[in-house]
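Everything on this sheet refers to the single structure shown next.
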Protein chains: 2
Amino acid sequence: MTDDAYDDAKLEIADAMARTAEMYGLNRSYGHIYGLLYFVGEPMSLDELVAESGYAKSTVSNAMSALEPYHLVHRQSSPGEGRKVYFEAETDFWTIMQEFFEQQGRREIRIMTRALETAQASLDDAPETDRTSHASARVAELEAFYDQAETLLSFFTRASPEVLFDVVSEVESRTVDDEP
Amino acid sequence: MTDDAYDDAKLEIADAMARTAEMYGLNRSYGHIYGLLYFVGEPMSLDELVAESGYAKSTVSNAMSALEPYHLVHRQSSPGEGRKVYFEAETDFWTIMQEFFEQQGRREIRIMTRALETAQASLDDAPETDRTSHASARVAELEAFYDQAETLLSFFTRASPEVLFDVVSEVESRTVDDEP
DNA sequence: GACTACGTTCAGTATGTTGTGAATCTGGGA
DNA sequence: TCCCAGATTCACAACATACTGAACGTAGTC
């Protein structure tokens with residue numbers, strides 16, 4: 001039971017990470033590999049990860065390349081060990097989350113605002129009818145929404161967790177005070 | 001140029017929605033169809049959506065079934081029109097977003113906390129070694145993170161946009177005051 | 001400068017997803 | 001009750017993604 005209990009725990013975490021990764025649009029198995037790396041806690045080489053995970057080396061290599069841009073893993077090469085690289089799991093989940101939502105949010109905002117500008121321009125060119133003015137209103141609504149979204153996004157991706165918690169507990173107590 | 005400009009705008013929006021949907025893990029074409037419905041602004045039947053989008057009826061039907069749980073579309077059946085149903089796009093993006101993150105966030109928290117409990121139990125069963133105590137620490141960190149995450153999630157998915165904006169501008173001005 | 005130990009890239013297979021038209025089901029009206 | 005107009009379900013073809021082992025490239029060592 002000695003190794004097994006440890007391995008059970010490891011696989012439990014890796015599996016949960018796999019499912020979570022999927023929710024974020026990342027590859028299931030990349031989440032699994034990240035979970036192993038996170039659980040073990042110390043830097044591992046590609047070959048160690050292969051042994052640990054059972055995936056092919058190419059898969060693990062691709063996983064690392066995919067996880068790096070999100071800063072979920074860090075690459076470390078130690079001198080005197082040739083080309084060998086070690087990977088370490090990032091453990092600061094707040095930063096990971098903030099970066100993720102920053103990236104995704106910015107992308108969405110960019111896509112939508114560009115489209116909204118173009119659409120607005122088209123509608124302005126068209127002769128005004130019921131349809132076009134209705135559509136213009138919709139476009140304007142969306143523009144307003146994304147303006148607001150950008151403000152909130154900037155705040156939440158820049159604020160420290162401490163500030164966020166202060167704010168929440170403050171507002172929460174404020175609300176309680178307002179109750180009859 | 002009359003119809004064309006209107007249609008250009010429509011497709012621009014639909015395409016942006018398609019790409020955005022993809023970012024949320026929803027089917028690209030379902031996002032496209034939602035975009036059309038949103039842009040047109042009035043309820044449409046399946047057949048109208050088929051004509052509008054060019055997709056097969058089964059695709060549109062599946063799209064509606066997929067979008068309904070997120071409350072992105074609403075089904076309306078008017079009496080005296082047989083079985084015919086009309087679909088209307090939800091336009092309140094704040095609520096949509098809040099519901100989405102509520103669903104996703106809860107799911108992630110559930111998956112992770114369950115796994116963390118199980119893992120903790122396994123580790124408690126195992127004889128204490130360097131590995132297990134290290135892993136226990138990791139598990140505890142994650143538990144702490146998800147506890148905090150739950151608090152923030154509850155706040156952001158329940159607060160009205162007005163409250164959120166008040167908070168942001170308040171904190172923002174506070175920060176400015178603190179500058180030298 | 002050549003060998004070695006590694007990481008990365010590549011082409012192929014296996015698996016999953018998307019969109020379709022035909023078949024099926026079902027509520028409402030006659 | 002029997003149709004009919006509509007929605008839903010299904011099996012399938014087209015397409016995309018994931019994982020692999022083998023080939024390749026390359027930094028470091030001798």
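Lettering of chains follows the sequences in order, A, B, ..., and the numbering in each one begins at 1.
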Subject >> First of A:Tyr30 and B:Ser65 reached from the 5' end of DNA chain D, by closest nucleotide >> reply: B:Ser65
Original post:
Can you tell which of D:dG21, C:dG19, D:dT9 lies closest to the side chain of B:Ser58?
Top reply: D:dT9
Original post:
Does any non-hydrogen side-chain atom of A:Leu72 lie less than 4.5 Å from one of A:Leu26?
Top reply: yes
**OP:** Report the distance from atom CZ of B:Arg83 to atom P of C:dG29, rounded to the nearest whole Å.
**Re:** 12 Å
Original post:
Nearest-Å distance, CG (A:Leu26) to P (D:dC19)?
Top reply: 13 Å
Original post:
Is the closest basic N to carboxylate O distance between B:Glu141 and B:Arg138 below 4.0 Å?
Top reply: yes
Original post:
According to the interplanar angle, ranging from 0 to 90°, do the rings of A:Tyr38 and A:Tyr34 count as parallel (below 30°), tilted (30 to 60°) or perpendicular (above 60°)?
Top reply: tilted
**OP:** Report yes if a side-chain nitrogen or oxygen of A:Arg28 is closer than 4.0 Å to either non-bridging phosphate oxygen (OP1 or OP2) of C:dT15; otherwise report no.
**Re:** no
Original post:
Between B:Glu108 and A:Arg19, does at least one N-O distance fall below 4.0 Å, as a salt bridge requires?
Top reply: no
Subject >> CG on A:Leu11 to NE2 on A:His32, rounded to 0.5 Å >> reply: 6.0 Å
Subject >> First encountered from the 5' end of DNA chain D, between A:Gly82 and A:Gly54 >> reply: A:Gly54
Original post:
When the distance from CD of A:Glu81 to P of C:dC6 is rounded to whole Å, what number comes out?
Top reply: 9 Å
Original post:
Rounded to whole angstroms, how far apart are NZ on B:Lys84 and C1' on D:dT8?
Top reply: 16 Å
**OP:** Quick one: pull up CD in A:Glu150 and CE in A:Met112 and give me the separation to the nearest 0.5 Å.
**Re:** 13.5 Å
Original post:
Heavy-atom contacts under 4.0 Å between residues 32-53 of chain B and DNA chain D, which residues?
Top reply: B:Leu46
**OP:** Could you tell me the separation between the CG atom of B:Asn27 and the P atom of C:dT20, rounded to a whole number of Å?
**Re:** 11 Å
Subject >> Distance-only polar pair, side chains of A:Asp47 and A:Ser45, donor-acceptor under 3.5 Å >> reply: no
Original post:
CG of B:Asn62 versus P of C:dG19: gap in Å, rounded?
Top reply: 10 Å
**OP:** For the side chain of A:Ser29, starting at C-beta, report the closest nucleotide among D:dC19, D:dA7, C:dT9.
**Re:** D:dC19
**OP:** Whole angstrom is fine here: how far is it from OH in B:Tyr55 over to P in D:dT8?
**Re:** 19 Å
Original post:
What is the distance, rounded to the nearest whole Å, between atom NZ of A:Lys57 and atom P of D:dA23?
Top reply: 16 Å
